[in-house]
Amino acid sequence: GAGVSQSPSNKVTEKGKDVELRCDPISGHTALYWYRQSLGQGLEFLIYFQGNSAPDKSGLPSDRFSAERTGGSVSTLTIQRTQQEDSAVYLCASSSTGTGRIATNEKLFFGSGTQLSVL
Amino acid sequence: RKEVEQDPGPFNVPEGATVAFNCTYSNSASQSFFWYRQDCRKEPKLLMSVYSSGNEDGRFTAQLNRASQYISLLIRDSKLSDSATYLCAETGANNLFFGTGTRLTVIP
């Protein structure tokens, strides 16, 4: 595909249920990010994958959140026992460079997001 | 303390006006800085990178002040189509942190 693809675009779930959100990055992009954005708020960093390195999970808000990236491509963000405060737009982004600790000209390409509503 | 802080606005300006936004960052070791634009209910898209010497792209000028740890975005001759939320971003140790965004509305 030409861009970052996320699915589903909308997900409505009941409190306490588990959800899985999927991200297909741009082919060849080594870096993949998950962010979430609550209504009227900025982007909250969740997790970052870079190639085969261990992911940076420092932004995950609780142990109910986890993410994996299989084969260095597709990523799945899982939220267990969802709570109402988990309701937000979950955005995935990929880039061809990755930040590392060296200054880079990072350009992130975002997917259109998954709107999660927990009732 | 947040990595990146922005005035959320809203900034309401008439067409043709010049408007400037600032964004402060807390990590003095930050290497790279960016401005993203986000339209309502859309994903963010890169507007421009911010270079140490400052850079210009048409009506948009970005500047970095390392001593005071802020970046700025100047929009000249505002157009109605400039109405959006502008997010600043900086590279932390291993990832990219965004500000909460500044909402701009250009009024006819």
Side-chain angles (χ1 to χ4, degrees), chain A residues 2-6 9-10 23 25-26 29-51 53-60 67 88-115, chain B residues 1-10 21 23-53 55 57 62 64 66 71 84-105:
Chain A
V4 178
S5 177
Q6 290 187 246
S9 56
N10 281 283
C23 173
I26 293 173
H29 279 192
T30 57
L32 187 148
Y33 302 76
W34 282 99
Y35 292 87
R36 74 175 175 182
Q37 188 172 33
S38 301
L39 188 63
Q41 301 298 310
L43 276 71
E44 177 188 2
F45 167 76
L46 298 177
I47 188 169
Y48 162 62
F49 296 90
Q50 171 58 275
S53 302
D56 178 351
K57 304 179 181 180
S58 60
L60 295 178
V89 176
Y90 288 81
L91 289 158
C92 174
S94 72
S95 81
S96 59
T97 54
T99 58
R101 291 182 180 272
I102 300 171
T104 61
N105 190 14
E106 187 81 6
K107 180 175 182 178
L108 265 61
F109 294 85
F110 283 85
S112 54
T114 294
Q115 172 72 64
Chain B
R1 183 180 177 183
K2 289 185 177 179
E3 289 274 344
V4 183
E5 303 219 33
Q6 286 184 259
D7 179 349
F21 312 132
C23 174
T24 59
Y25 60 94
S26 60
N27 183 1
S28 59
S30 294
Q31 297 286 340
S32 303
F33 304 88
F34 310 90
W35 284 100
Y36 278 74
R37 170 188 170 134
Q38 186 174 27
D39 293 294
C40 189
R41 300 185 185 279
K42 298 287 188 181
E43 70 274 19
K45 293 183 180 178
L46 180 67
L47 177 65
M48 58 197 303
S49 302
V50 184
Y51 300 122
S52 297
S53 56
N55 48 298
D57 182 2
L64 167 63
R66 285 198 181 272
I71 62 172
T85 296
Y86 292 84
L87 300 150
C88 61
E90 57 94 11
T91 53
N94 281 311
N95 46 50
L96 195 61
F97 290 100
F98 285 83
T100 54
T102 299
R103 175 75 187 147
L104 170 68
T105 300

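Protein chains get the first letters and strands the later ones, always in sequence-line order, with residue 1 at the start of each.
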statement: Scanning both residues in full, the closest heavy-atom pair of A/Leu108 with B/Tyr36 reads N-OH, 3.0 Å
- prompt: To the nearest 0.5 Å, how far apart are CZ in A/Phe109 and CD in B/Glu43?
  reply: 11.5 Å
query: Taking only residues two or more places apart in sequence or in another chain, which ones pass side-chain contact (heavy atoms from CB on, under 4.5 Å) with B/Ala84?
result: B/Arg37, B/Asp39, B/Tyr86
query: Could you give the distance from CG (B/Leu87) to CD (A/Gln37), rounded to the nearest 0.5 Å?
result: 7.0 Å
Validation row: B/Leu96, A/Ser95 side chains within 4.5 angstrom (heavy atoms): no
- prompt: Quick one: CD on B/Glu3 to CZ on A/Phe45, what's the gap to the nearest 0.5 Å?
  reply: 10.5 Å
message: For the OH atom of A/Tyr35 and the CZ atom of B/Phe97, what is their distance to the nearest 0.5 Å?
response: 8.0 Å
message: Can you tell me which portion of A/Leu43 sits under 4.5 Å from chain B's heavy atoms? Options are side chain, backbone, both or neither.
response: both
statement: When the 4.5 angstrom heavy-atom criterion is applied to B/Gln6 and chain A, the contacting part is neither
